[in-house]
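All chains are named by letter (A, B, ...) in the order of the sequence lines, taking the proteins before the strands, and each is independently numbered beginning at 1. In this text, all values refer to a predicted model and were calculated from it rather than measured experimentally.
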There are 2 protein chains.
Amino acid sequence: MNSQVTSLDVARLAGVSQSAVSRVFSGASASAATAQKVRRAAAELGYRPNPWARAMITGRSGIIGLVVAYFDNPFYPVALELLSRALKAEGYRILVFTVGNSPSEIESVMDELTAYRVDGIITASVAMTNDLTDRCAQAGIPIVLFNRGQDGVGLSSVTSANDAGARQVARFLVAGGHQRIAHVAGWQQSSTGRDRLLGFEAGLAEAGTAPVAVIDGLYDRDAARAATLAMMDTATPPDAIFVGNDHMAFAVMDTLRHEMGLSVPGDVSVVGFDDVPMAAWPAYDLTTVRQPVRRMVDSTVETLVAQIAEPDRAPQSIRIDAALVLRGSARCPEGWTE
Amino acid sequence: MNSQVTSLDVARLAGVSQSAVSRVFSGASASAATAQKVRRAAAELGYRPNPWARAMITGRSGIIGLVVAYFDNPFYPVALELLSRALKAEGYRILVFTVGNSPSEIESVMDELTAYRVDGIITASVAMTNDLTDRCAQAGIPIVLFNRGQDGVGLSSVTSANDAGARQVARFLVAGGHQRIAHVAGWQQSSTGRDRLLGFEAGLAEAGTAPVAVIDGLYDRDAARAATLAMMDTATPPDAIFVGNDHMAFAVMDTLRHEMGLSVPGDVSVVGFDDVPMAAWPAYDLTTVRQPVRRMVDSTVETLVAQIAEPDRAPQSIRIDAALVLRGSARCPEGWTE
DNA sequence: CCCTTACTTGCAAGCGTATGCAAGTTTGCC
DNA sequence: GGCAAACTTGCATACGCTTGCAAGTAAGGG
């Protein structure tokens, strides 16, 4: 019932004009006396400005579109929660679009996002084609890629230092005396997956070695399990596996321990990437590279807000440092610090 | 740039009036010839109707507000994903509000929801006070409580059969020959937590017994851990623990196994509630009660859509059957079927 | 063939707010 | 006290769309 209170109702009750009410609520100048009368009347009627009427005029809806592909990886729910809080502090709400990774589906979502004239877009775990990149730029909607980079110039992105993190893992495993090191990679269509692979290979190369096996796990438990079985089913199976993210690393550990009866880290060391909350649980106690979600989220929001305020701002690629977190799933070199 | 295409632009290009364009896109009657001209012009210009201008007139925004409190419990990300897909199929998008469980915070969110004039509200894992219930009813926005009931009449809700499920757990544990059965409960402020506790106690009472201990785990890992330590630190510790949800059950298992060196189910049987994906992982292999998320989501959407279409419809409390899923975390009675 | 009925289509009036403009009011300074 | 400058405030318009209404057109029946 009271959801139909308009600024005109408030104006009448307060004995002022509708524009006065508008000015009070939009922060424009108004005398103290007017402001007080308006506030009182608004409170009495339970008035709140209609965001959509406001959006029509100002062109700003106060809504950020969030496009997410994988929710089974617990990294993203955590990120969603933090993003929601951070954006709320900036006066924005989140319109969620879950999406598969098929180009047509992503395209239709982008269509909707432009239709809704969201003030900005954050994509998490979504692969953008260059075609879509162009369309976004053309639509003029600020966009930031979260935890995913983008080839070529074009869009802003916030990632952790995937290559440096993976390189550190390589050094760590080599220093731990592992002889046959393998990698269950992320998805090669994702920059994150590629960067981690490349950084890892580069780290091993520094030590004059190379992975004995690299198989794509597609960020999927089943695929990671299959990859594990495949790489262990050889004459000289790996004694250490670096996995492209924690979510797959849990599958790898489960497979090694419960399907193959092996010990982690006794027989095989396992290292993940992300440091999702579950990695600290004693059942896994996973050595992993910590992505500082909070800082990534803060940077994402900051970049997006800046781009909304200043549309011609050049896109930025922000990389947040990521550090190895030592736990019990991988043999630790003597005296390894940090 | 092309985000500023209006129906008037399309009308001019198609050589018809602006209202004709509107009618074609809003599904009202129009001749085949007109429709074709309009569609062609719209496609050429990349036109999409502005949802907010539309919302102002029709009063329907196509947006559902989702209020969620706990994202660390993996049950909710799964539900969010399914809700998003199901609502999309009905032509709705989700505006997400994450929220703590403090009344003031929930209140401010409800304020915003009414301001945004969402077409409907779904709350998941949020405790509504009667005060808020009234305000929602007063605002006239359809609302459905997901996985949470509500005392008294008032709002629609969709839950699983929490009491029946918990009762089944009680029978199962008794049949398994357990002598000292305890319960790490959910949060007593939530109907879900209360129903599971009551059903469990009723089930034990049928067998002429009662829980040796009941401690609130507040849906929190740390609290569940503390509860476990407390109930095990007695002269006659429990040999079976029913835990109010899976998320806490994992904490209980971790505590028993890795902190106390006990065997599950050797020393203590553990049973959870929800059947989140992780419950099936071999590291936990948790015996639990399955909440059929998909069916719960479908019912939620169905109820909400019906209430939007027919505002005077009486609120419904829908309960979906929940069945015990036998796995390895609890001693199984000989010949127990189902 | 004409009149009734059904269907299309354009016109114009809003939905609730922000904002340029002009008129009115206050303030400040000599 | 008078005049300019700064500030307030109301009027009216615009944002992009839906929809009642009336006029125009096609279809149908006697």
Q: Closest approach of Val21(B) and Ser7(B), non-hydrogen atoms and distance?
A: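 Residues Val21(B) and Ser7(B), closest heavy atoms: CG2-O, 3.7 Å.
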Q: Both Arg23(B) and Asn50(B) contact DNA chain D. Which one's nearest nucleotide lies toward the 5' end?
A: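 Looking at the nearest nucleotide for each, Asn50(B) comes out on the 5' side.
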Q: Over how many whole Å does the gap from Trp52(B) atom CH2 to dG16(D) atom C1' extend?
A: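 Result: 12 Å.
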Q: Can you see whether Ser19(A) engages Ser17(A) through a side-chain donor-acceptor pair at a distance of less than 3.5 angstrom?
A: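 Short answer, yes.
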Q: DNA chain C: Arg54(A) or Ala33(B), which has the more 5' nearest nucleotide?
A: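 Whichever sits nearer the 5' end wins; that is Ala33(B).
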Q: Report which part of the nucleic acid Ser22(A) touches: base, sugar-phosphate, or nothing (heavy-atom distance under 4.0 Å, all strands).
A: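 Base, at least one base atom sits under 4.0 Å.
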Q: Find which nucleotide of DNA chain C each of Gln18(A) and Gly15(B) is nearest to by heavy atoms, and output the residue with the more 5' nucleotide.
A: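 Its nucleotide being nearer the 5' end, the pick is Gly15(B).
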Q: Could you list where the contact with chain A starts and ends along DNA chain C, reading 5' to 3', using a 4.0 Å heavy-atom cut-off?
A: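 So the contact region on DNA chain C extends dG16(C) to dG20(C).
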Q: Listing request: all side chain to side chain donor-acceptor pair (under 3.5 Å) pairs with a residue in residues 60-84 of chain A, at least two apart in sequence or in separate chains.
A: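 Non-adjacent pairs meeting side chain to side chain donor-acceptor pair (under 3.5 Å): Arg60(A)-Tyr92(A), Ser61(A)-Asp119(A), Tyr70(A)-Asn101(A), Tyr76(A)-Asn147(A), Glu81(A)-Arg85(A), Ser84(A)-Thr98(B).
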Q: Under 4.0 angstrom, heavy atoms only, what part of the nucleic acid is Ser31(B) near: base, sugar-phosphate, or nothing?
A: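 Sugar-phosphate, no base atom in range.
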Q: Hey, is the main chain of Gly193(A) close enough, under 3.5 Å, to the side chain of Tyr219(A) for a donor-acceptor pair?
A: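 Side chain of Tyr219(A) to backbone of Gly193(A): a pair is present.
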Q: Heavy atoms only, 4.0 Å cut-off, all strands: where does Val21(B) land among base, sugar-phosphate and nothing?
A: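 No contact.
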Q: Separation of Met56(B) atom CE from dT18(D) atom P, in whole Å?
A: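 Whole-Å distance recorded here is 12 Å.
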Q: When you measure from the side-chain N and O atoms of Ser19(B) to the phosphate of dT19(D), is any distance below 4.0 Å, counting only OP1 and OP2?
A: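 Indeed not, no polar side-chain atom of Ser19(B) lies that close.
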Q: Determine yes or no for a side-chain-to-main-chain donor-acceptor pair under 3.5 angstrom, with Ser156(B) supplying the side chain and Pro315(B) the backbone.
A: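 Here the side-chain-to-backbone pair does not exist.
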Q: Quick test of your reading of the model: are Arg295(A) and Asp298(A) salt-bridged, counting only N-O distances below 4.0 Å?
A: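 Salt bridge: no.
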